Structure formats: structure tokens, C-alpha cells
Number of protein chains: 2
Amino acid sequence: MHADDVFKALADPTRRRLLDLLCEQNGQTLGQLCEHLDMARQSATQHLGILEAANLVSTVRRGREKLHFINPVPLHEVYERWVRKFEKQRLSLLHDLKRELEGE
Amino acid sequence: MHADDVFKALADPTRRRLLDLLCEQNGQTLGQLCEHLDMARQSATQHLGILEAANLVSTVRRGREKLHFINPVPLHEVYERWVRKFEKQRLSLLHDLKRELEGE
DNA sequence: TTGACATGCAGGTATTTACCTGCATATCTC
DNA sequence: GAGATATGCAGGTAAATACCTGCATGTCAA
């Protein structure tokens with residue numbers, strides 16, 4: 001996994017919105033997605049390119065249209081690597097802080 | 001939750017490294033953390049400030065030292081909002097793509 | 001109290017980023 | 001084929017970002 005690509009892709013609100021839009025209806029075209037965004041089509045294309053580079057979105061051409069599909073795998077890998085790790089220690093981490101605040 | 005702050009904080013490799021360092025040993029000082037980073041102390045301070053603004057790290061002063069602690073709560077919220085949502089539809093999303101590739 | 005140590009604060013710069021406009025290409029429909 | 005439609009590509013700009021250096025402040029320990 002390329003964590004950097006995935007996190008950088010998720011760091012922009014427009015791109016998270018695109019993922020949400022695709023979650024509501026998968027396989028939308030560039031034009032359809034643009035209808036929900038308040039920016040030029042070319043800007044949306046760039047955002048989708050970043051999502052595709054991070055492997056969060058896959059595309060298929062159908063004639064003159066380009067269909068966009070979510071790929072949930074990188075999100076799951078992010079979870080495995082970055083969320084579960086800290087979650088396991090959740091209680092103990094908070095305990096560390098509490099103990100420090102109380103002056104040990 | 002301020003998703004933007006959390007994702008932007010996670011979008012930098014240095015900041016993810018800092019979280020890993022704190023996971024190995026919670027409550028480290030700025031100086032301790034800097035030993036593992038190849039950059040000026042002031043740069044690390046900025047990164048820690050961003051992590052703190054995102055509520056991923058909490059700090060406690062002890063004399064002239066500043067101790068840093070991980071707060072895993074925002075990561076869990078990110079998981080709830082951005083990973084589980086897509087995970088639930090994981091199989092169906094892949095099915096959508098497969099069907100499209102096969103020409104429906 | 002004085003020197004060493006840990007951190008804070010104020011700029012300065014090069015790169016990246018998120019937009020845009022303008023034009024080109026490819027595909028459908030009539 | 002011609003016009004409409006969907007997308008691609010090539011710059012151009014303003015703002016954000018990730019570094020840095022230099023100096024100030026606060027704390028410990030002898």
C-alpha cells in the first residue's frame with residue numbers, strides 16, 4: 001500500500017465528497033459527478049485523477065463516457081495499519097495520559 | 001469531528017512517523033521525538049502542533065519539558081465515518097465494477 | 001546566580017496544491 | 001458529414017505547505 005497517496009487523496013474535502021457521491025451511486029460519469037461540485041470540470045478531473053492514483057477509484061470507458069467506481073480496499077488497508085494499531089492500545093494510552101496529569 | 005484537520009494531519013509522512021513513535025513509547029518529549037527525525041527541531045514542533053490541532057496528540061508540560069500523548073479517539077471516528085461506510089458495501093461495489101467490465 | 005538545556009516565537013523561501021482558462025480530441029446522433 | 005456532447009491536455013496563478021535560520025523565554029542544577 002502507498003499510505004502517502006491514500007492519505008493525501010483523503011486530505012481534500014472535494015475528494016471525500018466524490019467518494020461519498022460514488023458511495024450513493026457507483027459508476028457515475030465525470031459529468032454526473034461534476035453536477036454536484038461547485039468547480040470547473042477540469043478541476044474535478046484532477047481530483048478524480050488523484051483518487052485513481054491512490055487506487056481509491058477505478059475507471060472504465062464506455063464510449064465517450066468515463067465511469068468511476070469506488071475501490072474500498074485501500075481504505076481497509078488504512079484501517080488495518082493506522083486505526084486498529086492505535087485502537088488496541090486505546091485504553092492504555094488514555095491511562096498513560098491520566099496518570100501523567102495526576103502527577104504519577 | 002473535524003475530518004479535514006484529521007486527514008490533513010495524517011497526510012504527511014513525518015506526522016505519521018510521530019504517531020508511530022508515540023505508539024512505541026507514549027509521553028515522549030519534543031527532544032526525544034526529534035532524535036528520530038531528520039529535520040530541525042522547529043519543524044518537528046510545527047508537525048506536532050498540527051497533530052495537536054487535529055486532537056490526535058495531547059500535551060502536558062512537566063517543568064521545561066513538554067510530554068506528548070496519542071489520542072486515539074479521532075482515528076476511531078475516522079474509521080466509523082470513512083472506512084466502515086465503504087466496507088459495508090465492499091462486495092457490492094466490486095460487483096458493480098465487475099459487471100461493468102463484462103459489459104453488463 | 002549562572003550556565004546549560006528544553007522549548008517558543010518570528011520571519012523567510014522553495015515546493016506543492018487547488019483552482020482556473022483555452023483549446024484539442026473523441027464519440028454519439030441526426 | 002455536421003453539430004452537439006463528453007472528456008483530455010497544456011499552461012498559468014494564488015494560496016498553502018514544509019522546511020529553514022535566528023533569537024527569545026523559561027527551567028533546572030551546580
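Values in this document were obtained by computation on a predicted structure and should not be read as measured data. Letters A, B, ... are given to chains in the order of the sequence lines, protein chains preceding strands, and every chain is numbered from 1.
A donor-acceptor pair is defined here as one N or O able to donate and one able to accept, closer than 3.5 Å; such a pair exists between the side chain of A:Gln32 and the backbone of A:Thr29.
Closest of all the heavy-atom pairs between A:Leu21 and A:Gln28 is O-NE2, 3.0 Å.
Salt-bridge annotation for B:Asp12 and A:Lys8: absent, with no side-chain N of the basic residue lying under 4.0 Å from a carboxylate O of the acidic one. The pair B:Asp20-B:Arg15 fails the salt-bridge criterion, with no side-chain N (NZ, NE, NH1 or NH2) lying under 4.0 Å from an Asp/Glu carboxylate O.
Computed from coordinates, the B:Ile50 CD1 to D:dC19 P distance equals 9 Å when rounded to whole Å. Distance B:Leu10 CG to D:dA18 P: 12 Å, rounded to the nearest Å. The distance from atom CE of A:Met39 to atom P of C:dT17 is 16 Å, rounded to the nearest whole Å.
In terms of position on DNA chain C, the residue among A:Gly63 and A:Thr14 whose nearest nucleotide sits closer to the 5' end is A:Thr14.
Side-chain atoms of A:Thr59 and A:Glu52 include a donor-acceptor pair closer than 3.5 Å.
At the phosphate of C:dC19, OP1 or OP2 sits under 4.0 Å from a side-chain N or O atom of A:His47. Residue A:Ser43 has a polar side-chain atom (N or O) positioned under 4.0 Å from OP1 or OP2 of C:dC20.
Ring geometry for A:Trp82 versus A:Phe7: interplanar angle over 60°, hence perpendicular rather than tilted (30 to 60°).
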**Report entry** Summary of protein contacts for nucleotides 3-16 of chain D, nucleotide by nucleotide, where a base hit scores B, a sugar-phosphate-only hit scores S (4.0 Å, heavy atoms)
**Finding:** -BBSBBB-------
